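Sharing a structure with you now.
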Amino acid sequence: MQNDNAIWIYALIIVSGLLQAWGPPMNGALRVALVNPWLASLVSFLPIVALLACVFICLPQPLPGGKDIAAMPWWAPLGGVIGAFAVVAGLMFVDKVGAGAFAGLLITANFLMSLAIDRFGWFGMPVHELTGGRVLGAALMVGGIALITRS
């Protein structure tokens, strides 16, 4: 990867992470306003579906072929359902534990699972060994979230 591209990629990831912190408090407010957490979850996803439908209408290419669809792992379309767990958890619990603790727990759990995915190459990912730096980083994150959730 070229350095110029890496800067933009990392910057976009950081901005995405910053914006992602807004989601649980916004969804929590949605749950309070709509009372029913399942209705709030549905309403939370409707703008996403509408936005992606508009983008797809404007940019319909490329389209998958029959071979592409046939070769798709059975679990590939479930990523959105998995992501919905985080949305529902955020809208139901962020006000109970606080935005910092919620995000810290979510990110730390995500990081630990991501290390396992990397280590074992699950979901077709290339294998990335579990180095001392990765283990130390995981331990620091676990220690950090333990401190954040204690206060």
Side-chain angles (χ1 to χ4, degrees), residues 1 4-60 64 69 72-151:
M1 181 183 326
D4 292 341
N5 287 341
I7 291 168
W8 284 107
I9 289 170
Y10 288 125
L12 288 172
I13 292 169
I14 290 168
V15 168
S16 296
L18 293 170
L19 292 174
Q20 193 173 23
W22 296 4
M26 294 167 103
N27 284 330
L30 185 63
R31 180 194 42 86
V32 169
L34 297 181
V35 182
N36 185 314
W38 307 113
L39 175 61
S41 298
L42 178 64
V43 170
S44 177
F45 280 98
L46 289 177
I48 298 166
V49 172
L51 173 68
L52 293 176
C54 289
V55 170
F56 176 70
I57 289 168
C58 294
L59 303 168
I69 294 171
M72 178 178 61
W74 67 267
W75 42 261
L78 299 178
V81 174
I82 299 299
F85 277 93
V87 170
V88 172
L91 101 176
M92 292 179 73
F93 306 124
V94 70
D95 57 338
K96 291 173 179 44
V97 300
F102 179 82
L105 287 164
L106 191 74
I107 291 165
T108 301
N110 183 305
F111 180 71
L112 294 172
M113 181 55 71
S114 296
L115 287 177
I117 290 168
D118 278 350
R119 169 64 183 89
F120 297 108
W122 294 336
F123 306 108
M125 294 293 296
V127 171
H128 295 272
E129 292 304 321
L130 197 56
T131 63
R134 286 177 166 227
V135 171
L136 177 61
L140 289 171
M141 288 187 77
V142 169
I145 193 56
L147 292 172
I148 289 170
T149 57
R150 288 184 68 197
S151 11

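If you're wondering where the values come from, they're calculated on a predicted model, not measured in any experiment.
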task: Check Phe102 against Ala86 and note the closest heavy-atom contact, atom names and distance.
output: CZ-O, 3.9 Å
query: Which value, rounded to the nearest 0.5 Å, describes the distance between Phe111 atom CZ and Asp118 atom CG?
result: 9.0 Å
task: Go through the steps to decide whether Thr149 and Val97 satisfy the test side chain to side chain contact (heavy atoms under 4.5 Å, CB included), and finish with yes or no.
output: CA-CA 8 Å; Thr149 57; Val97 300; over 6 Å; no
- request: Could you grab the distance from atom CG of Asn110 to atom CG of Leu115, nearest 0.5 Å is fine?
  value: 10.0 Å
Test applied, side-chain contact (heavy atoms from CB on, under 4.5 Å); reference residue, Ser44; option that passes from Leu30, Val88, Leu34: Leu30
query: Tell me, do Arg134 and Arg119 make a side-chain contact under 4.5 Å, heavy atoms counted?
result: no
field: Least distance between heavy atoms, Ile145 atom then Leu105 atom
entry: CD1-N, 3.3 Å
query: Yes or no on side chain to side chain contact (heavy atoms under 4.5 Å, CB included) for Ile107 and Met141, after CA distance, side-chain angles and deciding distance?
result: CA-CA 9 Å; Ile107 291 165; Met141 288 187 77; 3.8 Å; yes
- request: May I have all residue pairs that pass side chain to side chain donor-acceptor pair (under 3.5 Å) and include part of residues 83-100, sequence neighbours excluded?
  value: Arg31-Asp95
query: Take atom CH2 in Trp22; do more than 12 heavy atoms of anything else shown fall under 6.0 Å from it?
result: no
message: Distance check, rounded to the nearest 0.5 Å: Leu12 atom CG versus Leu19 atom CG?
response: 10.5 Å
- request: Indicate yes or no for a side-chain donor-acceptor contact from Ser41 to the backbone of Pro37 under 3.5 Å, with no hydrogens or angles considered.
  value: yes
query: So, for Pro24 and Gln20, which heavy atoms are closest and what is the spacing to 0.1 Å?
result: CD-O, 3.3 Å
task: Please indicate whether Met72 has more than 12 foreign heavy atoms, meaning atoms of other residues, nucleotides or ligands, lying under 6.0 Å from its CE.
output: yes
message: Ignoring hydrogens, what is the shortest heavy-atom contact between Phe120 and Val127? Give both atom names and the distance.
response: C-CG2, 4.3 Å
Side-chain touch Val94/Asn27, heavy atoms, less than 4.5 angstrom: no
